[in-house]
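This is the structure, below, for whatever I ask next.
Below, each value reflects all heavy atoms present in this structure, side chains not excepted, and no hydrogens, waters or symmetry copies. Every value quoted in this text rests on a predicted model; they were computed, and no experiment measured them. When a ligand or atom number is given, it counts from 1 through the structure's own listing order.
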Amino acid sequence: MQSVKPQESLYDWNEPNRTVWTGPRPRVVDETLRDGLQNASAKDPPLDDKLAALHAMAAIGVDLVSLGLPAAGPRAVRDTTALLREIVRARLPLKPTAAARTTEGDVTAITNICQQVGASIDVYAFVGCSPIRCYVENWTMEWLLDRIRKAGETARREGVLYCLVMEDTTRTPPNVLRDVFAASVDCGAKRICICDTVGHADPIGTSEIVKFARKTLEELGAHDVELDWHGHNDRGLALANALAAASAGVRGVHGTAGGIGERCGNTSMEQLIHQLVVMGARDAVPDHAFDAYRSIRVEAVQDKKPLTTSGTTRAEPAEPLVTLRTKVNHESVELSARPSRTLLELLRYDLDLVGSKQGCDEGDCGACTVLLDGEPVLSCITLALSCEGREIETVESLKGAPDLDPLLDAFDRTGAGQCGFCTSGMLMSAKGLLSREPRPSRQRIREAISGNLCRCTGYGAIVDAIEIASNPAAHAPAPLLPGQEWLPKPLPPYAEKKK
Ligand code: FES
Ligand code: FES
């Protein structure tokens, strides 16, 4: 019998149809330290782990890396500064980027770091552009374009590259895209990031929007403006869409370690690079470099095994356990806790009440807000043992249907949540306010949620929702006529909405 060599025993249906990659080498943009950390189950890792992650990214050939969202608070500023310093010190071949809302303050938060370190960071300024997003935020087109221009002009003045990150691009009509592109080019944007923020696109739609974007930029004479692709995995298509975007001509494709990211996650960087190598678009990466990169893991609450970014289990300090008796959501609870246990850890890890989010973990973002004896507190900086004999209420205490809590109803009706990461903290700050002041002014509402950071910039709708919840009868929807079906309020003409 004739022997068959192992390589001859495989037939590859991909090969005969494989086209040689003709475009420029796609850059990969690592969003693990920004989008990855916005996953509801993620915990911001210690700085040392972030520094190790930077080196692992460089080893697999990542081109650009997001260092975070400096405007999120002092810890974000500290970490972004340290990461930038490390790139400079170790001469890592990584181009640093950082996220900002399209506000002058957020852009300046980044450029201040550039000045301090003496190195440049590309500003990735995000704003929702789709009509549905503008509708729930009560934004006019004029206001939106003005905001994009002002942030871009701030970046230009400070001498840093401005990339407009168009949230929800894949649900934005062509006329709006054209206007936004024109405003971005006008204020000096050198990059535009097309975002499939809610994982809506499929590979055909992805290819179409990239081609449309490229053609529009050419028509605007903006030949030097590059495109990025940032896609989420809600329908399991993140990788397929990223590859479609690269094939259609984007220069930068975003991904994260293990695909961690907001909600269902982002494109897996490991799979993205591997597939681009197979397609002949990038050079191969040594296995040992991938092994190091794969060890980047952000703490996942589902495991209940805290992992550092180096993949090792974080040592629990040896402390005597102390008995704690308290009330959580009107039920008596008795359990043993370490004296250093925070209230947030107790709720999420010991009681499985994961509605309170673990954002910054140091009192900056408000995502962990709960009520302690009726007053909002930041559970991440409240020791569990300080709650002995007291009453804790979490977002899980808000009633669902049929006795739907007015706050939940109003948040739903106004579209006050987008990714939802800040929502439980917002709800509990609002609940604390309404129990003290049943009919607060809008100014009082703003003050009450001033410690709650919404990275999706949803404050307008959130204030509306809390105002509605404070007086549901005054804002009740009109009763349905006999035979009439419930319909959502119709979208008004896009440009006619008033701010
Ligand atoms: S997690 Fe950010 S304030 Fe507590
Ligand atoms: S942070 Fe996403 S809705 Fe507020």
Which residues and atoms, counting only protein N, O or S, are under 2.8 Å from atom 4 (Fe) of ligand 1?
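Listed by chain and number, the nearby protein N, O or S atoms are Cys368 SG, Cys380 SG.
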
Parallel, tilted or perpendicular, judged at 30° and 60°: which one describes the rings of His254 and Tyr124?
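Tilted.
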
For Gly420, counting its heavy atoms only, list the atoms of ligand 2 lying under 4.0 Å from any of them.
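Near Gly420, meaning under 4.0 Å from one of its heavy atoms, ligand 2 has 2 (Fe), 3 (S).
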
Partners passing side-chain contact (heavy atoms from CB on, under 4.5 Å) against Ser397 (at least two apart in sequence or in another chain)
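Ser397 satisfies side-chain contact (heavy atoms from CB on, under 4.5 Å) with Asn329, Glu393, Met428, Lys431 once adjacent residues are dropped.
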
If the cut-off is 4.0 Å to any non-hydrogen atom of Cys422, which atoms of ligand 2 fall inside it?
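Reading through ligand 2 atom by atom, the close ones are 1 (S), 3 (S), 4 (Fe).
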
Do other residues, nucleotides or ligands put more than 12 heavy atoms under 6.0 Å from Lys150 NZ?
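No - once you tally the heavy atoms of other residues, nucleotides and ligands closer than 6.0 Å, there are 12 at most.
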
Kindly compute the distance separating CD1 (Ile468) from CZ (Arg413), expressed to the nearest 0.5 Å.
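So the CD1 of Ile468 and the CZ of Arg413 are separated by 5.5 Å.
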
Reported SG-to-CG distance for the pair Cys368 and Asp361, which is rounded to 0.5 angstrom:
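Rounded to the nearest 0.5 Å, the SG-CG separation comes to 7.5 Å.
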
Could you measure the distance from the CD1 atom of Ile87 to the NE2 atom of His55? Nearest 0.5 Å is fine.
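Here the interatomic distance stands at 9.0 Å.
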
Pairwise distance OG1(Thr267) to CE(Met269) - rounded to 0.5 angstrom
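Between Thr267 OG1 and Met269 CE, I get 8.5 Å after rounding to 0.5 Å.
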
